[in-house]
Structures are given as structure tokens and as C-alpha cells.
Amino acid sequence: MKVLVGTDEANPVVEHVATWLQRHGHQAEMLAPALWPLAARGVAKAVASGAADEGILFCWTGTGVSIAANKVAGIRAALCADAETARGARLWNNANVLCLSLRTTTPALASEILESWFGTQYVPNPGDDACLVDLE
């Protein structure tokens, strides 16, 4: 799977995630650090266009990149602070961009989140499908 990674600053957890992806058979492509809205837009557009299968974004809190990525049609970016949230985002929301906080995510926590994210597949559920439609 081709995974595009974007961040607004170089950080050990970003490097850890890139290494984890490669070790687990993913084609990880790192974007050069950019302002968080630009990093989010670059990753989101690549995922939405099919140039990347999925994306992972980082900023200080993870909130900014999540909001910015979700402005791109076809993106379901989820800010995940733990493995169970990542599992739910995949299972119920069919999330395709994982957003993480540079402030709170340790390498060990990132590994747990990634295991859950990549180990969970979306299961269609009529009660949850409303989150997948354009409400405008």
C-alpha cells in the first residue's frame, strides 16, 4: 500500500512511523516538512486522486491537519490518540487519512495506533453510512 506522510516539522515520531510503514511492507513516501495546512492539503489531494492509497499527517496537536485534510472531497481524516480510536475510525468511518499529534504521540503509542489502523477494515453498516455522504 502506498502511504503518503506529511508533517509540519521533522520529529523522531515521524521517522518512527516511516520506518514502521516500510518494515510492514508499505511503500512510505515522506513529503518535505511544510506548513501544516499545506502538508494536509498535499496528502489529502494525493489520497483523493488515488496517487496514494492512504495518508498519515502530523502537526503539534493533530487537530489542524485533521480539519484541513477533511476539506478535500473524498477524505475522511481521523485524529487518533490511541489504538481503539484508530480501530473505530477504520471500522465505522472508513477513514483514509490518519492524523497524529506530535506533542502527545510517542513511538510506542504510534506503533500501537498503526497496528490497529492497518489491522482494521471498514465494515459497511447502514447506521453509520451517513458519515460517508456529502451533506451539502
Side-chain angles (χ1 to χ4, degrees):
M1 176 179 296
K2 183 175 181 181
V3 181
L4 191 57
V5 180
T7 184
D8 60 353
E9 67 178 78
N11 183 292
V13 75
V14 176
E15 292 300 321
H16 173 80
V17 165
T19 301
W20 188 98
L21 290 168
Q22 292 169 348
R23 284 186 184 152
H24 288 83
H26 300 286
Q27 180 187 351
E29 183 179 328
M30 299 284 298
L31 293 180
L35 295 174
W36 61 266
L38 300 176
R41 185 172 63 202
V43 168
K45 285 190 172 207
V47 172
S49 73
D53 298 306
E54 295 191 6
I56 299 177
L57 287 165
F58 294 88
C59 71
W60 189 242
T61 65
T63 305
V65 290
S66 175
I67 291 169
N70 277 316
K71 292 179 184 265
V72 175
I75 295 303
R76 295 169 306 281
L79 173 57
C80 298
D82 56 57
E84 183 60 18
T85 302
R87 187 185 77 79
R90 297 288 275 187
L91 180 63
W92 299 307
N93 307 124
N94 200 18
N96 55 7
V97 175
L98 172 63
C99 300
L100 298 170
S101 166
L102 290 171
R103 185 181 71 80
T104 62
T105 308
T106 63
L109 179 56
S111 292
E112 292 174 11
I113 291 170
L114 292 167
E115 289 285 345
S116 187
W117 180 268
F118 289 104
T120 305
Q121 296 297 316
Y122 172 63
V123 176
N125 178 344
D128 296 329
D129 286 346
C131 75
L132 303 178
V133 298
D134 186 1
L135 299 176
E136 289 187 49

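Just so you know, these numbers come straight off a predicted model, no measurement behind them. Hydrogens, waters and symmetry mates play no part in the numbers below; they use all other heavy atoms, side chains included.
The two residues Ala10 and Pro33 make their nearest non-hydrogen contact at N-CG, 4.1 Å. Residues Ala69 and Ala77 come closest through the heavy atom pair CB-CB, 3.8 Å. Of all non-hydrogen atoms in Ala48 and Ala73, the two that sit nearest each other are CB-O, 3.5 Å. Closest of all the heavy-atom pairs between Ala86 and Cys80 is CA-SG, 3.5 Å. Residue Pro37 comes nearest to Ala68 through the heavy atom pair CA-CB, 4.4 Å, listed as atom of the first residue, atom of the second, then distance. Here the closest non-hydrogen pair linking Trp36 and Gly64 is CZ3-O, 3.2 Å.
Below 30°, between 30° and 60°, or above 60°: for Trp20 and Phe118 the angle between ring planes is below 30°, a parallel geometry.
Transitive grouping of hydrophobic side chains (ILVMFWY, heavy atoms separated by less than 4.5 Å) brings Met30 and Ile56 into a common cluster. When hydrophobic clusters are built by joining Ile, Leu, Val, Met, Phe, Trp and Tyr residues whose side-chain heavy atoms come closer than 4.5 Å, directly or via intermediates, Trp60 is grouped together with Val17. At a threshold of 4.5 Å between side-chain heavy atoms, the hydrophobic network of Ile, Leu, Val, Met, Phe, Trp and Tyr places Leu4 and Leu57 in one connected group.
The distance from the CD1 atom of Ile113 to the OG1 atom of Thr106 is 8.0 Å, given to the nearest 0.5 Å. Rounding to the nearest 0.5 Å places NE2 of His24 at 13.5 Å from CE of Met1. Interatomic distance, NE2 of His16 versus OG of Ser111, reported as 2.5 Å (0.5 Å rounding). For the atom pair CG of Asp82 and OG1 of Thr105, the computed distance is 10.0 Å after rounding to the nearest 0.5 Å. For the atom pair CG (Leu35) and CD (Glu9), the distance works out to 11.5 Å, reported to the nearest 0.5 Å. The distance from the CG atom of Leu114 to the CZ atom of Arg23 is 12.5 Å, given to the nearest 0.5 Å.
Proximity of a side-chain donor or acceptor of Ser66 to a complementary backbone N or O of Gly62 within less than 3.5 Å is not detected. Listed for the Arg103 side chain is no donor-acceptor partner under 3.5 Å among the backbone atoms of Thr61. Put simply, the side chain of Thr120 never gets that close to the backbone of Trp117: no donor and acceptor are under 3.5 Å apart. Side chain of Asn96 to backbone of Ile75: no donor-acceptor contact under 3.5 angstrom is found.
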Asp8 and Val65: CA distance, side-chain angles, deciding distance, side chain to side chain contact (heavy atoms under 4.5 Å, CB included) verdict: CA-CA 9 Å; Asp8 60 353; Val65 290; over 6 Å; no
CA sep, side-chain torsions, deciding dist, call: Phe58, Val13, side chain to side chain contact (heavy atoms under 4.5 Å, CB included): CA-CA 9 Å; Phe58 294 88; Val13 75; 4.0 Å; yes
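For the side-chain contact (heavy atoms from CB on, under 4.5 Å) with Val5, the lone residue among Leu100, Val14, Leu31, Leu98 that qualifies is Val14.
Looking at Asn93 and Arg76, their side chains never come closer than 4.5 Å, going by heavy atoms from C-beta outward.
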